[in-house]
Structure formats: structure tokens, C-alpha cells
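Notes for the one structure printed next.
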Amino acid sequence: MLDALASSDVVGVARRLLGAVVTSELGGDRVSVRLTEVEAYAGVGEDPASHAHRGRTPRNAVMFGPPGRAYLYFVYGMHWCLNVVTGSEGQASAVLLRAGEVVEGLDAARSRRLASRRDNDLARGPACLAGALGITSVTAAAINGSDLGDERSGLWLRPGVSVDLAAIASSPRTGVREEALGRPWRFYVNGDPTVSPYRQGVDR
DNA sequence: GATGCGATTCACT
DNA sequence: GTGAATCGCATCG
């Protein structure tokens with residue numbers, strides 16, 4: 001699994017990540033999520049929608065490191081998003097984990113999310129996924145850059161039931177504009193109830 | 001040093 | 001369908 005992350009084909013890696021399982025032991029409770037929705041982001045100069053597009057900064061430094069690491073970032077002043085670094089060191093591509101199905105630790109996931117949420121919504125959306133896994137402003141700093149192949153990190157990734165290629169659908173990525181429309185790099189399990197609703201990017 | 005905006009979500013209309 | 005909440009980063013002066 002983690003060997004596959006070293007591929008320079010970030011789009012192929014993204015597709016293969018569907019069905020993989022992310023497990024967290026942050027905060028003491030174990031929660032696992034089977035991925036149903038991801039997005040691919042390429043590296044420097046290749047992909048205007050990527051955080052790495054403008055080169056290395058302190059924030060995105062993890063993307064430039066070795067594959068298989070967790071890249072966490074904070075958006076909109078309140079949300080965390082979890083990425084898996086892919087490609088060889090220096091390539092700076094990554095896959096954003098957008099949604100999944102909670103397959104272990106339902107009670108812990110429920111307690112971290114609004115009680116009114118339905119189980120299918122517990123990890124539906126990138127910030128929800130991170131929240132269900134116990135990623136907060138407290139835990140994020142420790143997890144950012146950690147090795148997803150090592151259980152001692154408290155957050156790790158393992159192969160799950162692979163998803164049939166025929167069941168994988170694609171669309172443009174969420175929230176990004178014109179440049180990205182030619183790159184339908186959002187991949188999801190067609191018809192799965194845990195996939196987040198698609199929102200198109202808007203011009204401002 | 002100041003400013004604008006973003007790979008979002010929830011509550012409300 | 002739309003707006004509020006909220007903050008770090010990149011950009012510009």
C-alpha cells in the first residue's frame with residue numbers, strides 16, 4: 001500500500017486509495033474510516049490548484065518530503081483537512097482525503113461530531129473526516145508530517161477492500177476554478193451514501 | 001506590517 | 001440558496 005504512494009502518477013494513486021482504511025488512535029479511542037472520496041493534487045508548477053504550486057513554504061513543506069506522510073492544513077479559520085503525500089521526495093504531490101465510511105469506533109466518531117448527524121455523514125466532507133478521526137488544533141501539530149505506515153504515529157493507513165474500477169466516478173475538484181476543470185481529479189465511489197455533495201468553484 | 005482570501009460547514013430562509 | 005464564523009498563509013507595499 002505505502003509503496004504505491006511513491007508512484008509519480010498521483011491520479012492513479014488517488015484512485016487506488018479508494019477503499020483503503022485510515023485508522024486513528026488520537027485521543028485514546030480507535031476510529032477507522034474506509035475512504036470513499038479523494039482528490040489528487042500535483043506538485044510545483046503543474047497544478048495551480050495545489051498548495052505546492054507556488055513552491056515550498058513552511059506550511060506545505062511536508063508535501064515536499066517523502067511519500068506516505070500526513071499533510072494537515074487549516075482552512076477558513078476553523079477546519080482541518082487531511083492529505084497523504086505521494087510521489088518521490090521533492091515532487092510535492094498529494095491526495096486530499098475528502099470522505100469515507102466509519103467502519104470502526106462509531107461511538108467515538110459520533111461523540112466527536114454533532115449528535116444530530118447521521119452515521120453516513122460522520123466523515124462526509126474533508127473537515128468532517130478529520131474531525132471524526134480526532135484531528136483538532138491540539139493533535140494536528142503532532143500528526144502533521146507523521147508516517148502513515150507506522151501505527152505508533154497514532155494515525156495510519158492500510159489497504160481495505162479494493163474498489164472495482166467500474167464503481168469509481170470522477171468529477172472536477174471541489175472549490176477550484178477554471179484551470180482545474182480540465183482535470184477531473186476528484187474520485188469517489190459511485191452511489192456511496194458517505195460521499196460528500198459536490199460544490200463547484202465560484203469566480204469572484 | 002497590513003490585507004485578502006481559501007481544497008468548508010452549519011444554521012437559517 | 002445564502003451568509004456567518006474565523007485564522008494562517010501568501011502577497012504586496
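Predicted, not measured: the structure shown is a model, and the values here were computed from it.
- Distance NE2 (A:His51) to P (B:dC5): 16 Å, rounded to an integer number of Å.
- Here CG of A:Leu72 is found 6.5 Å from CH2 of A:Trp80. Values are rounded to the nearest 0.5 Å.
- Atom-to-atom, CG of A:Leu97 to C1' of B:dT8 comes out at 16 Å; the value is rounded to the nearest Å.
- Between the side chain of A:Tyr76 and the base of C:dA5 there is no donor-acceptor pair of N/O atoms closer than 3.5 Å.
- Between A:Arg110 and A:Asp119, at least one side-chain N (NZ, or NE/NH1/NH2) sits under 4.0 Å from a carboxylate O, which counts as a salt bridge.
- Here the closest heavy-atom approach between residue A:Val13 and residue A:Ala4 is recorded as CG2-O, 3.4 Å.
- Considering only side-chain N and O atoms, A:Arg98 lies under 4.0 angstrom from the phosphate OP1 or OP2 of B:dT8.
- Picking from B:dT9, B:dA7, C:dA10 the nucleotide with the shortest atom distance to the side chain of A:Tyr71 gives B:dA7.
- With salt bridges taken as basic N to acidic carboxylate O contacts below 4.0 Å, none links A:Asp107 and A:Arg112.
- Between C:dC7, B:dA7, C:dA5, one nucleotide has an atom nearer to the side chain of A:Met78 than all others, and that is C:dA5.
- Look at A:Arg113 and you'll find a side-chain N or O under 4.0 angstrom from OP1 or OP2 of B:dC10.
- When distances are taken from the side chain of A:Arg54 to each of B:dT8, C:dG8, C:dT11, the shortest belongs to C:dT11.
- Comparing atom distances between the A:Met63 side chain and each of C:dA10, B:dA7, B:dC10 picks out B:dA7 as nearest.
- Closest approach to the A:Phe74 side chain among C:dA10, B:dT9, C:dC7 is made by C:dC7 (side chain taken as heavy atoms from C-beta onward).
- Distance from the side chain of A:Thr57 is smallest to C:dC9 among B:dA7, C:dC9, B:dC10.
- The nearest whole Å value for the distance from the CZ atom in A:Arg118 to the P atom in B:dC10 is 15 Å.
- For the pair A:Ala40 and A:Arg173, the tightest heavy-atom approach, listed with the atom from each and the gap, is O-NH1, 2.8 Å.
- Remark: C1' of C:dA10 and OH of A:Tyr73 are 16 Å apart, rounded to the nearest angstrom.
- Taking the P atoms as reference points, C:dT6 lies 22 Å from B:dA2, given to the whole Å.
- Per the geometry, NE2 belonging to A:His53 stands 13 Å off P belonging to B:dA7, to the nearest Å.
- Pairing partner, C:dT6: none, since no Watson-Crick or wobble contact has both distances short of 3.5 Å.
- Here A:Tyr41 and A:His51 keep their ring centres 6.0 angstrom or further from each other.
- Nucleotide C:dG13 is matched to nothing when pairs are restricted to Watson-Crick or G-U wobble geometry with both distances under 3.5 angstrom.
- What separates CH2 of A:Trp80 from P of B:dT8 is a distance of 15 Å, to the nearest Å.
- Rounding to whole angstrom units, OH of residue A:Tyr41 and P of B:dG6 are separated by 13 Å.
- As the counterpart of B:dA7, no nucleotide is assigned, since no Watson-Crick or G-U wobble pattern has both distances under 3.5 Å.
- When the P atom is compared between B:dC5 and C:dG3, the two are found 16 Å apart, to the nearest whole Å.
- Spacing between atom NE2 of A:His79 and atom C1' of B:dG6 amounts to 11 Å, rounded to whole angstrom units.
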